[in-house]
Student: 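For reference, the structure I am asking about is given below.
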Amino acid sequence: MATATAPDTLTRPSVDPEEVEKFSRMAADWWDPDSKFKPLHKFNPVRLGFIRDTICEHFGLSGATPLEGLRILDIGCGGGLVCEPMARLGAQVTGVDAAEANVKTASVHAEEQGLDIDYRHGVAEQLLEAGEPPFDVVLNLEVMEHVADPHAFLVDCTRLVKPGGLMICATINRTPKAFAMAIVGAEWIMGWLPRGTHRFAKLVKPAEIRTALREGGMQMSEPVGVLYNPLNDQFSLGEDIAVNYMAVAQKAA
C-alpha cells in the first residue's frame, strides 16, 4: 500500500511557496490526460522510454521487470506519473513532493492500482537530515525550474545518489526559443498549461546543471533534446536542446 508521511514546516532551498501553491491547486487533475497536465501525458512515453533505457544500459539490466532490486527516488514526484511505471518495472520507488495535495493524489492512485510506492510530503533536504540511505537512481524531472534555489537543490540531490549511481534530469532551457514555445506557445496561445506555470527567469540552462552536479561529485553527459512535432502531435528525442531537454549524470563508484 502506498504511504505518505508529513514533514515539518517547509522553509527550505527546495521550496518556492508560490510554486507549491500553484501545483497544489492543480493536484486533482494529475491523472486526467485532458487536464492541465495534458503536455506531461503527451511527453511521458518518450520520457519513460529514455529513463528505462538509460537505467538498463547503465546497470546492465533486462527482462520484464528489469529495475527489480533498484531503489529509485523521484524528487518532485507530483501525482506519480513516473513513479508508477518505475514501480511496474520492478523498482523500489520513493516519491517526494513539497505539495501535500500532490502526495495525497499520488498515494490514492497508487493504492487503486495495487502498487506499493513510498510517497512522502517533503523535500530533499529533509531526506538528508533524516539520514536516508542513498538511491541507485534519482529522478529530477520538471522540478528544478520550480524550486527557490536550483543550484543548492541540485547539489543536495547529488548527496542522495549512491556511488556509481545515476541522476536523470529533465527541464526547460532558458532560451528565446523556449520562451516562445514553452511559455508563449504552450501557455498563452495553445492553453496547454495555465498561464504562469513557468517563469522564464527560473528556467535552467544545461551549463548551470552541469556546474551544480560537478560540485556534488557527478559528471553529466551531453543533454538530449525533447522535440514536439505539431503535425503528428507527438514528442521525440533529438539534438535540439533549446526548449525541453534531458541529461544524465553519474557519480563515481
Side-chain angles (χ1 to χ4, degrees), residues 1-7 14 19-20 23-24 26-33 35-56 58-59 61 64-124 126-127 130 132-147 153 157 160-162 165-171 226 246 248:
M1 181 181 295
T3 60
T5 58
S14 289
E19 296 289 331
V20 173
F23 283 93
S24 294
M26 299 189 288
D29 295 328
W30 275 104
W31 288 95
D32 180 356
S35 72
K36 302 175 182 69
F37 296 105
K38 184 175 183 178
L40 279 181
H41 284 272
K42 288 179 177 291
F43 173 46
N44 220 24
V46 171
R47 178 171 65 171
L48 290 171
F50 178 83
I51 293 169
R52 179 200 60 218
D53 293 348
T54 297
I55 295 173
C56 287
H58 177 74
F59 291 101
L61 304 172
T65 54
L67 306 188
E68 193 165 354
L70 294 182
R71 293 181 69 242
I72 294 181
L73 169 66
D74 185 0
I75 192 73
C77 64
L81 297 186
V82 173
C83 289
E84 291 196 10
M86 293 296 103
R88 289 192 175 95
L89 289 171
Q92 180 184 340
V93 181
T94 298
V96 175
D97 201 280
E100 187 174 10
N102 288 344
V103 173
K104 289 180 178 178
T105 296
S107 297
V108 169
H109 195 273
E111 186 171 349
E112 290 172 347
Q113 302 300 309
L115 295 172
D116 183 12
I117 298 174
D118 179 14
Y119 283 116
R120 308 184 197 180
H121 173 213
V123 292
Q126 291 170 318
L127 295 178
E132 182 74 30
F135 295 82
D136 298 289
V137 180
V138 171
L139 302 178
N140 196 323
L141 311 174
E142 285 75 46
V143 62
M144 68 185 75
E145 68 269 30
H146 300 292
V147 303
F153 168 71
C157 287
L160 291 165
V161 182
K162 279 184 180 180
L166 295 177
M167 186 187 303
I168 301 177
C169 301
T171 190
V226 182
M246 295 189 286
V248 180

Student: Run Gln126 and Val96 through side chain to side chain contact (heavy atoms under 4.5 Å, CB included) and show every step you take.
Tutor: CA-CA 10 Å; Gln126 291 170 318; Val96 175; over 6 Å; no

Student: Considering only heavy atoms from C-beta outward, does the side chain of Leu61 approach that of Leu70 to under 4.5 Å?
Tutor: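 Side chain of Leu61 against side chain of Leu70, heavy atoms only: contact under 4.5 Å found.
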
Student: Could you state the interatomic distance from NE2 (His58) to CG (Asp53), rounded to the nearest 0.5 Å?
Tutor: 14.5 Å

Student: How far apart are the C-alpha atoms of Glu142 and Arg47, what are their side-chain angles, what is the distance that settles it, and do they pass the side chain to side chain contact (heavy atoms under 4.5 Å, CB included) test?
Tutor: CA-CA 11 Å; Glu142 285 75 46; Arg47 178 171 65 171; 2.4 Å; yes

Student: So do Ile168 and Ile55 actually touch side chain to side chain, heavy atoms under 4.5 Å?
Tutor: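 In contact.
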
Student: Are any non-hydrogen side-chain atoms of Val137 and Phe59 less than 4.5 angstrom apart?
Tutor: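 They are in side-chain contact.
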
Student: Whether the side chain of His121 engages the backbone of Ala99 through a donor-acceptor N/O pair (distance < 3.5 Å, no angle test) should be reported.
Tutor: no

Student: Report the distance from atom CG of Leu166 to atom CG of Asn140, rounding to the nearest 0.5 Å.
Tutor: 13.0 Å

Student: If only atom types and distance count, is the side chain of Asn44 paired as donor or acceptor with the main-chain N or O of Leu81 below 3.5 Å?
Tutor: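 Yes.
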
Student: Could you pull out all residues at least two apart from Arg88 that satisfy side chain to side chain donor-acceptor pair (under 3.5 Å)?
Tutor: Gln113

Student: Would you name the heavy atoms of Ile117 and Ala110 that are closest together and state the gap between them?
Tutor: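 Between these two residues, the closest heavy atoms are CD1-CB, 4.1 Å.
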
Student: Whether the side chain of Arg71 engages the backbone of Pro133 through a donor-acceptor N/O pair (distance < 3.5 Å, no angle test) should be reported.
Tutor: yes

Student: Please find the pair of heavy atoms, one from Gly79 and one from Trp31, that lie closest to each other, and give the distance.
Tutor: O-NE1, 2.8 Å

Student: Between Val93 and Ala87, what is the shortest heavy-atom contact and its length?
Tutor: CG2-N, 3.7 Å

Student: With a 4.5 Å cut-off on side-chain heavy atoms, are Leu127 and Arg120 touching?
Tutor: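 Contact flag for Arg120/Leu127 side chains = yes.
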
Student: Where do Leu48 and Pro85 come nearest, in terms of heavy atoms and distance?
Tutor: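 Looks like CD1-CG, 3.7 Å.
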
Student: Is there side-chain contact between Ile51 and Met86, with heavy atoms separated by less than 4.5 Å?
Tutor: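 Sidechains of Met86 and Ile51: in contact.
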
Student: Please report the shortest heavy-atom distance between Asp29 and Ser35, naming the atom on each side.
Tutor: O-OG, 2.8 Å

Student: Hey, does the side chain of Asp136 reach the backbone of Gly165 with a donor-acceptor pair shorter than 3.5 angstrom?
Tutor: no

Student: Is any side-chain heavy atom of Val123 less than 4.5 Å from a side-chain heavy atom of Phe153?
Tutor: no

Student: Does any N or O in the side chain of His41 come within less than 3.5 Å of the main-chain N or O of Trp30, such that one atom is a donor and the other an acceptor?
Tutor: yes

Student: Once rounded to the nearest 0.5 Å, what's the spacing between atom CG of Asp118 and atom CG of Asp74?
Tutor: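 Spacing of CG (Asp118) from CG (Asp74) equals 12.0 Å.
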
Student: Going from CD on Glu84 to CG on Leu115, what distance comes out if it is rounded to the nearest 0.5 angstrom?
Tutor: 5.0 Å

Student: Looking only at heavy atoms, which two atoms of Pro66 and Cys56 are closest? And how far apart?
Tutor: CB-SG, 3.6 Å

Student: To the nearest 0.5 Å, what is the distance between CD1 (Ile72) and SG (Cys77)?
Tutor: 13.5 Å

